[in-house]
Amino acid sequence: MAEFGMPGGFINRVVRVGATVRRPLPARAEFAHDLLGLFEQQGWTGAPRFRGLDEQGREILDYMEGYVGWGSVRWSAVRSDACLTGVARLVREFHDLTAGSALAGAHEVVCHNDLSPKNTVYAPVEARLRPVALIDWDLAAPGERIHDVAHLCWQYLALGSGVTDVKATALKMRTICDAYGLSTRATLVDTILWWQDRCWRGIEAAASEGDPAMVDLRDKGAAESVRAAHRWVAAHRGELQAAL
């Protein structure tokens with residue numbers, strides 16, 4: 001069947017073949033596939049199904065109908081309270097499915113670790129776009145609930161110097177936490193800062209070792225952009241935390 005290149009794929013080339021998506025195997029493919037298998041066993045529809053490998057050794061995943069948040073979906077829709085609530089509930093659902101599982105091990109849950117609009121599928125629900133699934137589980141690993149909630153706040157609210165209304169953004173953070181049902185929030189902003197620090201340092205370290213994808217990201221200013229976001233969150237830490 002014919003292959004069609006898909007938008008996105010900032011690091012890996014992703015193609016569509018019929019009703020499936022083909023992607024290079026991630027570094028921790030077995031864990032990701034076991035996780036998707038758990039979701040399938042539990043009947044959770046918020047992630048694609050893993051269908052094995054093709055003749056080129058690429059993983060085969062179900063194609064998820066809809067729109068990814070970085071492309072066709074307008075930024076205002078991604079940041080609407082309804083969409084933020086929907087994403088937070090999706091995260092709570094898969095966290096609860098993995099809590100106490102062998103995959104979570106000694107940790108609270110399995111975390112996605114790359115929650116962002118570009119990894120979210122939106123589809124019409126009662127004539128309005130709503131988040132219906134999460135994709136790109138390559139970085140999934142055992143972790144704590146607050147790790148994914150913090151990453152969600154950072155990415156879906158684009159926390160950084162581009163924020164023009166700190167108070168309104170802080171209230172949207174609270175909307176996310178309320179929708180998820182996060183009971184402990186005292187370290188949420190610190191966890192966002194931890195993610196941002198980890199991200200820019202990771203890009204720089206991998207680029208210095210010659211990783212082509214990370215070199216490209218660094219040269220495009222990604223690491224510096226995240227450092228600037230880190231400085232902004234640190235400067236507004238009190239305001240953001242107070243609203244939670």
Could you report the tightest heavy-atom contact between [X] and [Y], atom names first, then the distance?
X	Y	answer
P131	C83	CG-O, 3.5 Å
A88	A179	CB-CB, 3.7 Å
R174	A243	CD-O, 2.9 Å
A47	A133	N-CB, 4.4 Å
P117	V78	CG-CG1, 3.7 Å
G210	V215	C-CG2, 4.2 Å

Basic-acidic side-chain contact under 4.0 Å: D138, R28: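 Answer for the salt bridge query: no.
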
Pair R145 + D96: basic N to acidic O under 4.0 Å: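 Salt bridge between R145 and D96, a charged N being under 4.0 Å from a carboxylate O: yes.
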
With a 4.5 Å heavy-atom cut-off, do [X] and [Y] have their side chains touching?
X	Y	answer
I176	M173	no
R23	D136	yes
R58	V15	yes
H151	N113	no
V149	L188	yes
V87	Y122	yes

ILVMFWY network linking [X] to [Y], side-chain heavy atoms under 4.5 angstrom:
X	Y	value
Y180	L134	yes
L152	I192	yes
V189	V163	yes
L139	L115	no
V14	Y63	yes

State the [atom1]-[atom2] distance between [X] and [Y], to the nearest 0.5 angstrom.
X	Y	atom1	atom2	result
L90	D148	CG	CG	12.0 Å
H107	L103	NE2	CG	12.5 Å
I146	T191	CD1	OG1	4.0 Å
K172	S80	NZ	OG	7.0 Å
H236	K167	NE2	NZ	15.0 Å
L171	D178	CG	CG	10.0 Å

Without swapping roles, check the side chain of [X] against the backbone of [Y] for a donor-acceptor pair under 3.5 Å.
X	Y	answer
Q196	A228	no
R185	L244	yes
R22	P24	no
D114	N119	no
H147	P142	no
T85	A82	no
T187	D190	no

Enclosure of R128 CZ (heavy-atom neighbours >12, cutoff 6.0 Å):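 No, not enclosed.
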
Exceeds 12 heavy-atom contacts within 6.0 angstrom, atom CD of E30: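 No, not enclosed.
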
Centroid separation F94 to W137 less than 6.0 Å: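 For F94 and W137, the ring centres are under 6.0 Å apart.
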
Salt bridge (Lys or Arg N to Asp or Glu O under 4.0 Å) evaluation trace for R231 with E224: CA-CA 11 Å; R231 291 192 293 268; E224 181 52 41; 3.0 Å; yes

Salt bridge (charged side-chain N to carboxylate O under 4.0 Å, His left out) contacts in which one or both residues fall within residues 101-112, not counting sequence neighbours: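 Those involving residues 101-112 do not exist here.
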
Stepwise side chain to side chain contact (heavy atoms under 4.5 Å, CB included) test for L38 and V110: CA-CA 11 Å; L38 173 64; V110 173; over 6 Å; no

Worked verdict on I60 versus V17 for side chain to side chain contact (heavy atoms under 4.5 Å, CB included): CA-CA 9 Å; I60 305 172; V17 181; over 6 Å; no

With H230 via ring pair (Phe, Tyr, Trp, His ring centres under 6.0 Å) - residues at least two apart: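 Per chain and number, H230 pairs via ring pair (Phe, Tyr, Trp, His ring centres under 6.0 Å) with no residue.
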
Contacts under 3.5 angstrom, residues 154-162 side chains, donor-acceptor by atom type, not counting sequence neighbours:
unit_1	atom_1	unit_2	atom_2	d
Y156	OH	S116	N	3.4
Y156	OH	S116	O	3.1
Y156	OH	T120	OG1	2.4

Side chain to side chain contact (heavy atoms under 4.5 Å, CB included) between Q41 and L97, worked out: CA-CA 10 Å; Q41 292 168 13; L97 288 175; over 6 Å; no

Residues V68, I135; criterion side chain to side chain contact (heavy atoms under 4.5 Å, CB included); working and verdict: CA-CA 9 Å; V68 290; I135 58 175; 4.2 Å; yes

